[in-house]
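Worksheet: the structure to be examined is printed underneath.
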Amino acid sequence: MKKLKQVIQTAVIAVTLLCAPSMLQAAAPLTILSDSAQISIITCSPGTEIYELFGHSAIRVYDKEQGIDEVFNYGLFDFNQDDFIYRFVRGKTDYMVGSCSTNYFLMEYLERGSAVTEAVLNLSRTDKLKIFAYLLENSLPENRTYRYNFIFNNCATKLRDILVQNVDGKINFIYDSEYLTFRDAIMMYTETSPWSQFGFDLCLGKGLDREATTDEKMFLPEILGKAVSNATVKRDDIVRPLTLKKNQISEQTLVNPAPLISPLVAFILLCVVVAVLSVWCVMKKRFIRWFDAIFFGLNALFGCVILFLILFSKHPFTGSNYNIIWLNPLMGIPVLFLFWKRLRYLEPFYYMLVSIVLTLFLIGNPLMEQVFNPAIYPLVIAYLFRSASYVMRWGYRLDDPNRNK
């Protein structure tokens with residue numbers, strides 16, 4: 001009965017393939033896969049651009065007898081689509097799946113010097129046909145678009161889900177690692193790009209600091225590749241490895257250049273300059289409102305971005321972001337003090353409030369359920385120096401017997 005069931009499944013899938021339209025960019029004619037056909041997961045190591053930092057995953061269908069050698073890629077998007085940047089920030093970006101020849105797909109990664117590995121899957125012919133049929137169906141113009149999510153629905157998680165849905169048996173993905181949060185996983189791949197790492201830490205809140213399950217860790221292409229290579233499939237009490245063999249298509253030759261200066265070093269230097277300036281202002285009893293309008297105005301500008309992400313973005317983990325305590329739109333009030341002199345009587349009260357909030361943020365930091373980038377601390381201290389200098393200047397004026405004159 002089991003053999004009869006497999007024969008019926010194969011026949012149904014074969015009819016589906018024969019009736020399906022041709023692949024989007026496939027040069028080979030559509031046909032049933034031969035017994036020697038292979039389906040594999042291709043993993044490309046990271047590049048230097050921000051959209052390349054996490055690498056890439058794709059699925060290859062190779063059948064020498066039928067002249068098929070296609071890669072299905074779930075990482076396609078149209079940068080020229082209307083309101084792309086706005087939609088990306090909102091978490092409403094649509095990605096697409098498309099296919100092309102394997103040589104064409106590999107060209108970009110070989111030229112930039114990325115390592116490319118291939119895990120040839122240990123599948124039955126029925127499994128191969130089901131996956132092939134799924135990919136063809138998914139590549140149709142009416143099906144090819146999906147709502148992208150950089151952690152839960154991307155080029156890597158799509159492939160994981162395809163295997164789970166179409167391989168006969170229960171897949172046990174294995175990735176040997178200790179406790180790993182989403183932030184840990186992202187930081188692993190942004191170590192060579194500290195400014196990008198700083199940006200991720202600013203924009204993503206405390207949800208990023210929960211432990212990721214094995215399935216969730218596979219949002220990163222290289223972790224997906226390792227998990228697939230170590231995975232097993234259990235069917236009818238028989239356990240077999242999911243991967244038949246691994247091929248190293250190319251070695252890593254790309255070297256990520258270190259930035260001239262890291263965020264931590266840059267903001268420490270800035271903090272020193274601001275501290276010296278603040279001490280000078282207190283000693284000379286001076287105000288430099290134009291500097292504070294720029295300094296605090298930049299804080300408010302980035303604070304608007306953080307607030308927008310918290311309130312309106314559909315991206316995961318942008319909510320509950322405690323960076324909003326020190327990086328927020330209200331920090332732009334010194335711009336008003338610069339242009340509207342009638343408001344300056346509020347300066348001491350405003351800067352006292354800012355000083356208290358920043359001090360409590362620094363003191364209570366260990367109690368918060370969010371990991372902060374180390375580079376924010378000298379930046380917060382710099383803002384504390386500027387706000388405290390106004391409070392001290394105000395205090396000196398109260399002690400000045402000639403203040404009424």
Side-chain angles (χ1 to χ4, degrees), residues 1-18 20 31-43 57-66 68-74 97 99 117-139 143 146 151-177 180 212-247:
M1 289 297 293
K2 290 183 179 179
K3 289 185 177 181
L4 179 60
K5 182 179 179 181
Q6 290 179 352
V7 170
I8 294 174
Q9 286 179 335
T10 302
V12 171
I13 295 169
V15 171
T16 301
L17 289 173
L18 287 171
T31 184
I32 298 175
L33 298 178
S34 67
D35 292 337
S36 61
Q38 295 179 350
I39 292 181
S40 53
I41 300 296
I42 292 181
T43 304
S57 295
I59 187 166
R60 178 187 184 187
V61 179
Y62 175 59
D63 190 341
K64 185 176 181 180
E65 292 185 20
Q66 303 294 345
I68 299 174
D69 192 1
E70 296 289 318
V71 168
F72 289 81
N73 179 7
Y74 280 83
V97 56
S99 66
T117 58
E118 178 185 33
V120 180
L121 302 179
N122 182 21
L123 304 175
S124 67
R125 187 164 184 271
T126 302
D127 291 340
K128 296 174 187 177
L129 290 171
K130 287 173 64 178
I131 291 174
F132 192 35
Y134 181 91
L135 292 171
L136 292 175
E137 178 70 19
N138 215 206
S139 299
N143 300 330
Y146 71 96
I151 286 183
F152 297 117
N153 200 29
N154 63 18
C155 67
T157 62
K158 281 289 187 182
L159 305 190
R160 175 202 63 197
D161 296 341
I162 287 173
L163 297 180
V164 171
Q165 295 169 18
N166 294 282
V167 173
D168 190 10
K170 180 175 176 56
I171 301 178
N172 179 27
F173 293 104
I174 301 173
Y175 176 69
D176 295 328
S177 69
L180 192 70
T213 66
T214 298
D215 281 357
E216 290 173 335
K217 292 171 189 173
M218 286 187 281
F219 79 95
L220 292 167
E222 287 190 334
I223 292 183
L224 171 71
K226 293 176 182 178
V228 168
S229 298
N230 298 327
T232 59
V233 182
K234 183 177 181 181
R235 180 176 177 272
D236 296 335
D237 296 327
I238 299 176
V239 178
R240 72 176 192 275
L242 178 61
T243 297
L244 188 64
K245 62 177 180 178
K246 289 187 67 176
N247 298 325

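Both backbone and side-chain heavy atoms feed into the values below; hydrogens, waters and symmetry mates do not.
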Quiz prompt | Nearest-0.5 Å distance that lies between atom NZ in Lys158 and atom CG in Asn153 | solution = 4.5 Å
Practice problem: Using atom types as modelled and distance alone, determine if a side-chain donor or acceptor of Asn154 lies under 3.5 Å from a backbone N or O of Phe219. | Solution: yes
Exercise. Decide whether Tyr146 and Asn138 meet the rule of one side-chain donor and one side-chain acceptor closer than 3.5 Å.
Key: no
Self-check item: With sequence neighbours excluded, residues passing salt bridge (Lys or Arg N to Asp or Glu O under 4.0 Å) with Arg160
Solution: none
Exercise. Please confirm whether the backbone N or O of Ala37 pairs with a side-chain atom of Lys128, one donor and one acceptor, at under 3.5 Å?
Key: yes
Quiz item: Taking all atoms of both residues into account, what is the closest heavy-atom pair of Tyr175 and Ala227, and its distance?
Solution: CB-CB, 4.3 Å
Quiz item: Can you find a pair of side-chain heavy atoms, one from Leu242 and one from Leu123, that are under 4.5 Å apart?
Solution: yes
Quiz item: With Asn230, which residues qualify under side-chain hydrogen bond (donor to acceptor under 3.5 Å, both in side chains), at least two apart?
Solution: none
Self-check item: Shortest non-hydrogen contact between Cys155 and Pro221, atoms and distance
Solution: SG-CG, 4.4 Å
Quiz item: Of the non-hydrogen atoms in Ile68 and Phe132, which two are nearest, and what is the gap between them?
Solution: CD1-CZ, 4.2 Å
Quiz item: Can you check whether Leu121 reaches Val228 side chain to side chain, under 4.5 Å on heavy atoms?
Solution: yes
Practice problem: Return yes if a side-chain donor-acceptor contact under 3.5 Å exists between Ser34 and Gln66, otherwise no. | Solution: no
Quiz prompt | Asp127 and its side chain to side chain contact (heavy atoms under 4.5 Å, CB included) partner, picked from Val233, Asp168, Asn122, Asn166 | solution = Asp168
Self-check item: Minimal non-hydrogen separation, Thr157 against Phe152, with atom names
Solution: OG1-O, 3.6 Å
Self-check item: For Asn73, all residues meeting side-chain hydrogen bond (donor to acceptor under 3.5 Å, both in side chains), sequence neighbours excluded
Solution: His56
Quiz item: Which atom pair, heavy atoms only, marks the closest approach of Ile171 to Leu163?
Solution: CD1-O, 3.6 Å
Quiz prompt | Candidate pair Asp69 and Lys64, rule salt bridge (charged side-chain N to carboxylate O under 4.0 Å, His left out), full reasoning | solution = CA-CA 7 Å; Asp69 192 1; Lys64 185 176 181 180; over 6 Å; no
